[in-house]
Trainee: 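My questions will all concern the structure given below.
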Amino acid sequence: MADMTNIGILISSRGSNMLAIADSITAGRIPNARIAVVFSDNADAAGLEAAKAKGLQAYAIPRNGISRKEHERELVAGLHRYDVQLVCLAGYMRVLSSWFLDHGFLVLNIHPSLLPAFPGEHAQQQAIEHGVKVAGCTVHIATEELDAGPIIVQRPVEVLDDDTEETLSDRILKQEWIAYTEAINMILSGDYQIVGRRHQKKRS
Ligand code: GRF
């Protein structure tokens, strides 16, 4: 990637992962990237206002009344307008088509489970119901298949006997904020490659 990478972040609601990435950049924990733009498919997303309060370019691109293809076309045009190279999905509640994914962006997603366990919605509740002792989060490369692309970073979180979906989600979320920064730095370092499904360090 270039010396300074432009990140585009897609959100649908609260946007705490987006804010964590912004804070990491401000604090110098992600030294060679900037957030070029934040887009939300939901005009009421709290994250949009929070992003603007941080001085970020943040806009709604709602899906209302347009096809998925048309919506993705608007997103791609917006990301190109801000010269985005790396797209971070951060609580973005839509699966992107291969048409979107074929535009040359590297697209990362974060999911609140240790994939491949518990893909889809309510991953934390799925983990509690299954009775696992360790839950966590995963940052992976987004593919057309939901929560299934090559894994970049995982962070474990112990499941406690009295956990509810809310308490477990809160603890996992704190690890998500760390995981996203780690994953972005790994990607930007250029030191890793994808071999089959595995994201691993290049041999020197
Ligand atoms: C996070 O738990 C993320 O893993 C999931 O949706 C939640 C979004 O939270 N995909 P936020 O909007 O980043 O606060």
Trainee: Rounded to the nearest 0.5 Å, how far apart are CE of Met186 and NZ of Lys201?
Mentor: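 Separation between the atoms: 8.0 Å.
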
Trainee: To check you understand the geometry: which heavy-atom pair defines the closest contact between Ser40 and Ala45, and what is its length?
Mentor: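 Of all heavy-atom pairs spanning Ser40 and Ala45, the closest is OG-CB, 3.4 Å.
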
Trainee: Classify the ring geometry between His199 and Tyr192 as parallel (under 30°), tilted (30 to 60°) or perpendicular (over 60°).
Mentor: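 Plane angle under 30°, so parallel.
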
Trainee: What I want to find out is whether Asp23 reaches Arg29 closely enough, with some N-O distance under 4.0 Å, to be called a salt bridge.
Mentor: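 So Asp23 does not pair with Arg29 through a salt bridge.
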
Trainee: Could you check Asp163 against Arg171 for side chain to side chain contact (heavy atoms under 4.5 Å, CB included), going step by step and ending with a plain yes or no?
Mentor: CA-CA 10 Å; Asp163 259 329; Arg171 289 203 312 289; 2.7 Å; yes

Trainee: Output, in order, the C-alpha distance, side-chain angles, deciding distance and verdict of side chain to side chain contact (heavy atoms under 4.5 Å, CB included) for Trp177 and Asn17.
Mentor: CA-CA 6 Å; Trp177 300 338; Asn17 277 288; 3.5 Å; yes

Trainee: Would you call the rings of His103 and Phe100 parallel, tilted or perpendicular, taking 30° and 60° as the class edges?
Mentor: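 Aromatic pair His103/Phe100 classed tilted.
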
Trainee: As an exercise, state the distance from OG1 of Thr5 to CG of Leu188, rounded to the nearest 0.5 Å.
Mentor: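 So the OG1 of Thr5 and the CG of Leu188 are separated by 4.5 Å.
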
Trainee: For the residue pair Phe118 and Gln125, establish whether any side-chain heavy-atom pair is separated by less than 4.5 Å.
Mentor: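 No, side chains not in contact.
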
Trainee: How about Arg81 and Val37: do any of their side-chain heavy atoms sit closer than 4.5 Å?
Mentor: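 Not touching, per the 4.5 Å side-chain cut-off.
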
Trainee: Membership question, hydrophobic clusters at under 4.5 Å side-chain separation (ILVMFWY): are Ile21 and Ile187 in the same one?
Mentor: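 They do share one cluster, since a chain of ILVMFWY contacts under 4.5 Å joins Ile187 to Ile21.
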
Trainee: Could you check if a side-chain atom of Tyr92 sits within less than 4.5 angstrom of a side-chain atom of Leu75, using non-hydrogen atoms only?
Mentor: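 Sidechains of Leu75 and Tyr92: in contact.
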
Trainee: Check the hydrophobic clustering (I, L, V, M, F, W, Y; side-chain heavy atoms under 4.5 Å; chains of links allowed) and say if Ile152 and Ile110 are grouped together.
Mentor: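 Shared cluster, yes.
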
Trainee: For residues Val153 and Ala179, report the shortest heavy-atom separation together with the two atoms involved.
Mentor: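 For Val153 versus Ala179, the nearest heavy atoms are CG1-CB, 3.9 Å.
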
Trainee: To the closest 0.5 Å, what do you measure between NE2 (His111) and CD (Gln154)?
Mentor: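 Taking NE2 in His111 and CD in Gln154, the distance rounds to 10.5 Å.
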
Trainee: Roughly how far, to the nearest 0.5 Å, is the CZ atom of Arg34 from the CD1 atom of Ile7?
Mentor: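 CZ of Arg34 is found 10.0 Å from CD1 of Ile7.
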
Trainee: Considering all heavy atoms of both residues, which atom of Gln85 and which atom of Asp83 are nearest to each other, and what is their separation?
Mentor: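 Looks like NE2-O, 2.8 Å.
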
Trainee: Is there a side-chain contact between Val157 and Gln124 in this structure, where contact means two heavy atoms from C-beta onward sitting under 4.5 Å apart?
Mentor: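 No - every pair of side-chain heavy atoms lies 4.5 Å or more apart.
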
Trainee: Please report the closest heavy-atom contact between Thr181 and Ala20, naming both atoms and the distance.
Mentor: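 Here Thr181 and Ala20 meet closest at OG1-O, 4.4 Å.
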
Trainee: With rounding to the nearest 0.5 angstrom, report the OG to CD1 distance, Ser113 to Ile172.
Mentor: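 If I round to the nearest 0.5 Å, the distance is 8.0 Å.
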
Trainee: Got a second to check how far Asp41's CG is from Ile61's CD1, nearest 0.5 Å?
Mentor: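 Reported value, rounded in 0.5 Å steps: 9.5 Å.
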
Trainee: Treat each ILVMFWY residue as a node, draw an edge where side-chain heavy atoms are under 4.5 Å apart, and state whether Phe105 and Leu89 are in one component.
Mentor: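 Yes, one cluster joins them.
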
Trainee: Side-chain heavy atoms under 4.5 angstrom apart, residues restricted to Ile, Leu, Val, Met, Phe, Trp, Tyr: same cluster for Val87 and Leu96?
Mentor: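 Same cluster: Val87 reaches Leu96 through Ile, Leu, Val, Met, Phe, Trp or Tyr contacts under 4.5 Å.
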
Trainee: Do Asn32 and Asp3 come close enough that some side-chain heavy atom pair is under 4.5 Å?
Mentor: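 Not touching, per the 4.5 Å side-chain cut-off.
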
Trainee: For Pro150 versus Thr143, what's the shortest heavy-atom pair and its separation?
Mentor: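 So the two residues come closest at CD-CG2, 4.3 Å.
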
Trainee: So, the side chain of Gln126 versus the backbone of Pro119: is there a donor-acceptor pair under 3.5 Å, distance only?
Mentor: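 Confirmed, Gln126 side chain pairs with Pro119 backbone.
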
Trainee: Under the criterion side chain to side chain contact (heavy atoms under 4.5 Å, CB included), I'd like the reasoning laid out for Thr26 against Lys54: C-alpha separation, chi angles, the key distance, then a yes or no.
Mentor: CA-CA 10 Å; Thr26 305; Lys54 292 236 175 236; 6.0 Å; no

Trainee: Does Thr164 use its side chain to pair, donor to acceptor, with the backbone of Thr167 at less than 3.5 Å?
Mentor: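 Checked: pair present.
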
Trainee: Taking the side chain as every heavy atom from C-beta outward, state whether Met18 and Leu56 have any pair of such atoms under 4.5 Å apart.
Mentor: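 Yes, at least one pair of side-chain atoms sits under 4.5 Å.
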
Trainee: Are the side chain of Thr138 and the backbone N or O of His140 linked by a donor-acceptor pair below 3.5 Å?
Mentor: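 Not a single qualifying donor-acceptor pair exists.
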
Trainee: Nearest heavy-atom pair of Val139 and Ala183: which atoms, and what distance?
Mentor: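 Heavy atoms of Val139 and Ala183 come nearest at CG1-CB, 3.5 Å.
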
Trainee: Any heavy-atom pair between the side chains of Arg68 and Arg63 that's under 4.5 Å?
Mentor: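 Yes, their side chains come closer than 4.5 Å.
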
Trainee: Any salt bridge linking Glu72 with Lys69? Criterion: basic side-chain nitrogen under 4.0 Å from a carboxylate oxygen.
Mentor: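 Not counted as a salt bridge, because no side-chain N and carboxylate O are separated by less than 4.0 Å.
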
Trainee: Are Ile9 and Ile184 linked, directly or through intermediate hydrophobic residues, by side-chain heavy-atom contacts shorter than 4.5 Å (ILVMFWY only)?
Mentor: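 Yes, one cluster joins them.
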
Trainee: Does any part of the side chain of Arg94, heavy atoms only, come nearer than 4.5 Å to the side chain of Ser12, both counted from C-beta?
Mentor: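 A side-chain contact under 4.5 Å is absent here.
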
Trainee: Give a yes or no on this: more than 12 heavy atoms of other residues, nucleotides or ligands lie within 6.0 Å of atom NE2 of His80.
Mentor: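 More than 12 within 6.0 Å, yes.
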
